[in-house]
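Order of the sequence lines sets the chain letters (A, B, ...), proteins ahead of strands, with each chain counted from 1. We use all heavy atoms of the structure for the numbers below, so side chains are in, but hydrogens, waters and symmetry mates are not.
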2 protein chains.
Amino acid sequence: MTADTRELVRSTALRLFRERGYAKTTMRAIAQEAGLATGLAHYYFPTKDHLVQELYLDVNLEHARAAQAVLDGGGDLTARFRAVLHASVDAFSEYHGFGAEFVTVAIRPGSAASPFSEDSEGARSMGLHLYEQVVAGADPAVPAHLRAELPELLWLAQLGMTLFWVYDSSPGQRRTRTLIDGVAPLVGRLVRLSRLPVLRGASDDVLALVRAVRA
Amino acid sequence: MTADTRELVRSTALRLFRERGYAKTTMRAIAQEAGLATGLAHYYFPTKDHLVQELYLDVNLEHARAAQAVLDGGGDLTARFRAVLHASVDAFSEYHGFGAEFVTVAIRPGSAASPFSEDSEGARSMGLHLYEQVVAGADPAVPAHLRAELPELLWLAQLGMTLFWVYDSSPGQRRTRTLIDGVAPLVGRLVRLSRLPVLRGASDDVLALVRAVRA
DNA sequence: CTGCGATTTTGAACACGTTCAAACGACGGA
DNA sequence: TCCGTCGTTTGAACGTGTTCAAAATCGCAG
């Protein structure tokens, strides 16, 4: 495993993904563009999925970088959640069109690029960490009984939002933006209301359910 | 288009899907098993996705059939929603294992088997109709201001639940059952609470958001 | 420098989904 | 009966992701 060759394959693949999209970036094209034999790409990346995962990692890094600026700036839960979600759409934006193809690959259970796969451990913990910061840094503070589970729920919400984005063919994915601007205040409001006696039962049920399902 | 040949291809494909799963059911195997030339399967079903969609339709019919018995029996929103969800998991159950592969195909935007595709109009309206009945027949009645939008939201919840099921590798998909048993009462409770002044604002926001996003 | 095992690289080969030009066949009109 | 047309059927061919035996190259012990 020479790092140089691996990196050459990786960068060539990502460039072609950007230039041609997923389907038209064949393993043969990657190898040829890099001046290598067809089989060599498979030596460093067992399947095409593994190259998609590199893209997934790249986008997540970009997202984390952009989100960090926001997270350092304070704000309430709604504002922080909303900003991080918008940053996610921004990071993905240049891939809409064939982005759909990538998410399709990523969502396949067993795929290396799946957010739940072992191979995606890095990207996943990075994403979760983002939402831990969203919650931890919120002012006013998030109610204590929600602080443990909320980050993962917000991260899952981001995955759902990405799925929506994939299907969103409105110009500039305006509907996804609208969804974010609607969901973030709603989540903020429900978190605030969860302290009230009427809703305390429901929010406890949600948390119990999350724990039960995870087990 | 002779109906006989088409049906022969269809039934052979569905049988092989059941016996071998998605990946091992090649277009060549379907044609060979049916005693036809390779290309003929493509004459009746342009892509393999279209054959998966036949399976999707089959499962939806089975689900509708099973759910109907429940829907005719009355009950409150929680019970009806819960029963219909369980019936959905039942209908899918024999496909878990390679069911994941099918849902993967179905979720791809542009795929004929996508629940949002034109080709799936039949299966989609059938599913929506189920949840219209869930809402319309609930006793006590669902608050009037929710009656219009709730069926589609419940249908979307079913899609999400199916997605969860795909990833659920617990024995017998117990975690999905747990999720259903937790989510249904929660939805029932929130619908009831939505009448209260504190939550009336939030529930109106949800409905406004749904309408805004759809537009 | 030589030899040899391990690592890296090659490119032909395989099975797949899909396409398509050609062949076939049924059926109605002359 | 023959012909022509149109719907059906055939199977070879294409490009794909992936595999793999073989070749080339490297690293290092002697």
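- The distance from atom NE2 of A/His42 to atom P of C/dA13 is 17 Å, rounded to the nearest whole Å.
- Side chain of A/Thr38, nearest nucleotide from D/dT9, D/dT18, C/dT9: D/dT18.
- Rounded to an integer number of Å, the gap from CG of B/Asp49 to C1' of C/dT18 is 12 Å.
- For the pair B/Tyr43 OH and D/dC6 P, the interatomic distance rounds to 13 Å; values are reported in whole Å.
- You'll find the side chain of B/Val213 reaches within 4.5 Å of the side chain of A/Phe164, heavy atoms only.
- Residue-level contact check: B/Tyr44 touches the backbone only, with heavy atoms under 4.0 Å from sugar-phosphate atoms and none from bases.
- Across the interface with DNA chain D, nearest-nucleotide mapping of A/Gly39 and A/Thr26 shows A/Thr26 to be the residue nearer the 5′ end.
- The distance between atom CE of B/Met27 and atom P of C/dA15, rounded to the nearest whole Å, is 18 Å.
- Sorted by first and then second residue, the ring-ring contact (aromatic ring centres under 6.0 Å, His included) pairs with a member in residues 33-88 of chain A form an empty list; sequence neighbours excluded.
- Heavy-atom distances to DNA chain D give each of A/Leu40 and A/Thr25 a nearest nucleotide, and the one nearer the 5′ end belongs to A/Thr25.
- OP1 or OP2 of D/dT9 lies within a sub-4.0 Å distance of a side-chain N or O belonging to B/Thr5.
- Aromatic ring orientation, A/Tyr22 versus A/Phe17: parallel (interplanar angle below 30°, classes split at 30° and 60°).
- In the interface, the side chain of A/Arg28 is not paired with the base of D/dG15 through any donor and acceptor atom under 3.5 Å apart.
- As a whole-Å value, the separation of A/Phe45 CZ from C/dT9 P is 13 Å.
- In summary, of the residues considered (B/Arg15, B/Lys48, B/Arg10), a salt bridge (charged side-chain N to carboxylate O under 4.0 Å, His left out) with B/Glu54 occurs for B/Arg10 alone.
- To the nearest angstrom, C1' of D/dG7 lies 15 Å from CG of B/Asp4.
- For the pair A/Lys24 NZ and D/dC14 P, the computed distance is 21 Å after rounding to whole Å.
- One interatomic measurement links the two molecules: CG of A/Leu51 to C1' of D/dT18, which rounds to 13 Å at whole-angstrom precision.
- Judged purely by distance below 3.5 Å, without hydrogens or angles, the side chains of B/Gln53 and B/Asp49 never pair a donor atom with an acceptor atom.
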